[in-house]
Amino acid sequence: MLRHGLITAVFNCMIASALTIAGGGSWAAHMVYSLAIGTASWLFIDGGRLLITGHREALWPKWPWGPLLVVAGVTFGFLTGNLIGDAWSGAPAFDFLDLRGHKLATGVTVTIIAGAGICFLFYSLGKSKYMQSQIELAQRNATEARLKLLETQLEPHMLFNTLANLRVLITVDPPRAVAMLDRLNSYLRMTLSGSRALSHPLSAEFDRLGDYLELMSVRMGERLRYTLDLPDELRDTPVPPLLLQPLVENSIRHGLEPQVEGGEIAVRARREAGELVIEVSDTGVGLDAAPPQPSEGSGFGLEQVRERLATVYGEQGRLSLAPAPTGGGTRVTLNLPLPA
């Protein structure tokens with residue numbers, strides 16, 4: 001309403017200036033009459049709109065209440081504003097209703113044109129803002145649906161890999177198979193009981209990642225070592241669920257498993273230049289090794305993570321892939337915007 005009031009005041013100043021230039025007379029008097037009529041009309045119409053619709057910004061009453069509100073508001077503003085102007089100028093009350101001359105006709109004509117014009121402007125601005133809010137809501141809903149689809153692709157991918165590994169262990173090492181099954185049961189219970197929101201704290205992402213790595217440790221034994229480093233000040237930072245697990249899964253599948261001795265995975269988060277930086281590095285075979293065949297699912301994790309970053313953060317979310325600085329292996333770096 002305040003924005004509408006400021007626009008009305010500017011519009012009234014323009015009307016007062018135009019009347020002064022066209023018909024002469026005191027600019028101050030024209031200004032008082034114009035501001036009084038415009039302010040009274042604005043308060044009546046905008047206040048009535050708010051009471052009828054209950055919407056502070058955009059919506060206007062539907063037919064016929066909208067046009068009736070405008071007619072009533074312009075009439076109220078014309079009568080009230082002229083009474084205020086007459087009182088200020090010392091003219092007799094209701095002197096503006098005198099049919100002699102052109103005072104009444106001019107005042108009615110200017111008030112109707114100005115009132116209808118500014119109400120149409122407010123209606124157009126309100127409808128535009130309402131439509132924009134609906135578009136943004138539709139975009140948010142589409143983003144949510146897209147993220148849910150991506151998440152439903154990621155979870156079975158990890159589950160199928162784990163079940164395939166479990167099938168092998170059952171025949172060659174039953175005790176480790178039982179331990180792996182217990183870990184899988186705990187992981188699935190935590191996953192299914194958790195929130196299905198579009199984001200969760202980074203600490204929950206690290207906890208989930210820890211369960212996954214423990215699950216993989218049952219299968220790989222001493223061939224898998226890992227480090228999770230999350231500073232306390234970043235624990236509550238919101239991130240999309242299942243953001244890091246595909247990266248760690250890629251490190252194990254394409255980096256550590258091809259090595260007889262296995263290797264180490266380190267996941268570290270830090271704040272840098274106003275961004276959240278998360279690094280997933282491994283001491284595996286590195287980027288120079290022969291890439292796996294498409295049938296092995298190469299690139300699934302990176303592709304999905306890139307798509308999720310683009311959906312959630314746009315150009316502010318970035319993923320970079322590079323050789324690890326020391327000891328061979330690969331490093332994936334995520335740059336995410338920190339919440340304001």
Side-chain angles (χ1 to χ4, degrees), residues 150 154 157-158 161-162 165 202-235 237 239-310 312-313 315-338:
L150 291 173
L154 286 169
H157 181 74
M158 172 267 171
N161 285 344
T162 304
N165 295 322
L202 186 57
S203 59
E205 185 74 2
F206 267 67
D207 291 342
R208 194 171 185 175
L209 195 59
D211 288 336
Y212 172 75
L213 285 167
E214 284 296 318
L215 184 63
M216 293 298 99
S217 295
V218 175
R219 177 170 62 87
M220 297 183 64
E222 296 181 355
R223 296 179 63 231
L224 172 62
R225 302 174 300 279
Y226 67 87
T227 300
L228 300 177
D229 182 11
L230 176 61
D232 290 339
E233 64 270 17
L234 296 176
R235 292 183 60 83
T237 304
V239 295
L242 279 175
L243 184 66
L244 302 179
Q245 181 178 308
L247 304 179
V248 172
E249 186 176 348
N250 264 10
S251 292
I252 294 175
R253 185 178 181 84
H254 306 313
L256 272 57
E257 284 190 334
Q259 292 188 150
V260 175
E261 70 275 17
E264 182 176 356
I265 293 176
V267 184
R268 295 183 171 88
R270 67 179 186 273
R271 183 193 301 267
E272 183 177 289
E275 291 184 322
L276 170 63
V277 179
I278 304 175
E279 290 183 353
V280 179
S281 58
D282 64 69
T283 59
V285 296
L287 296 175
D288 294 333
Q293 298 300 316
S295 61
E296 295 178 340
S298 61
F300 178 88
L302 293 179
E303 179 184 347
Q304 297 299 85
V305 171
R306 281 196 177 99
E307 193 168 353
R308 298 185 79 199
L309 291 179
V312 178
Y313 301 109
E315 295 182 356
Q316 292 182 298
R318 305 186 303 279
L319 182 150
S320 58
L321 180 66
T326 57
T330 306
R331 180 176 63 185
V332 179
T333 304
L334 301 182
N335 294 78
L336 311 179
L338 286 168

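All residue numbers refer to positions in the sequence shown, counting from 1.
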*What's the shortest heavy-atom distance between P231 and A269, and which atoms?*
CD-O, 3.1 Å

*Nearest 0.5 Å please: distance from the CG atom of D211 over to the CE atom of M216.*
11.5 Å

_Criterion side chain to side chain contact (heavy atoms under 4.5 Å, CB included) against L247, the qualifying member of L302, T333, L209_ = L302

_Restricting to non-hydrogen atoms, name the atom on D282 and the atom on G255 that form the minimum distance, rounded to 0.1 Å._
OD1-CA, 4.5 Å

*So how far is it from L224 CG to I252 CD1, rounded to the nearest 0.5 Å?*
5.0 Å

*Hey, could you give me the CD/CG distance between Q245 and N250, rounded to the nearest 0.5 Å?*
11.0 Å

_Just checking E233: does its CD atom have more than 12 heavy atoms from other residues, nucleotides or ligands closer to it than 6.0 angstrom?_
yes

*Taking the side chain as C-beta and beyond, is there a heavy-atom pair between E279 and R270 under 4.5 Å?*
yes

*How long is the span from the CG atom in L334 to the CD atom in E275, to the nearest 0.5 Å?*
11.0 Å

*Over all heavy atoms of both residues, which pair between H254 and P258 is shortest? Give the atoms and the distance, please.*
O-CG, 3.8 Å

*Okay, side chain of E205, backbone of L243: is any donor-acceptor separation there less than 3.5 Å?*
yes

*Donor-acceptor contact present, side-chain R223 to main-chain E257, <3.5 Å*: yes

*What do the steps show when you test L256 against V285 for side chain to side chain contact (heavy atoms under 4.5 Å, CB included), and what is the final call?*
CA-CA 7 Å; L256 272 57; V285 296; over 6 Å; no

*Note, R318 side chain near Y313 side chain (heavy atom, < 4.5 Å)*: no

*So do R271 and V277 actually touch side chain to side chain, heavy atoms under 4.5 Å?*
no

*Do the side chain of R308 and the main chain of P241 share a donor and acceptor less than 3.5 angstrom apart?*
yes

*Check for a donor-acceptor pair, side chain of Q259 on one end and backbone N or O of T283 on the other, with a separation under 3.5 Å.*
yes

*Please report the shortest heavy-atom distance between G210 and L228, naming the atom on each side.*
CA-CD1, 3.8 Å

*asked:* Any heavy-atom pair between the side chains of L309 and L336 that's under 4.5 Å?
replied: yes

_More than 12 heavy atoms of other groups within 6.0 Å of E261 CD_ = yes

*Are S251 and V280 close enough that some pair of their side-chain heavy atoms sits under 4.5 Å apart?*
yes

*Pairwise side-chain contact, E214 with Y226, heavy-atom cut-off 4.5 Å (strictly under)*: yes

*Shortest non-hydrogen separation from L230 to S203 and the atoms involved*: CD2-CA, 3.6 Å

*Heavy-atom check, side chain of L244 versus side chain of V239, under 4.5 Å*: no

*Are any of the side-chain heavy atoms of V267 and F206 separated by less than 4.5 Å?*
yes

*At their closest point, which heavy atom of L321 faces which heavy atom of T330, and how far apart are they?*
CD1-CG2, 3.3 Å

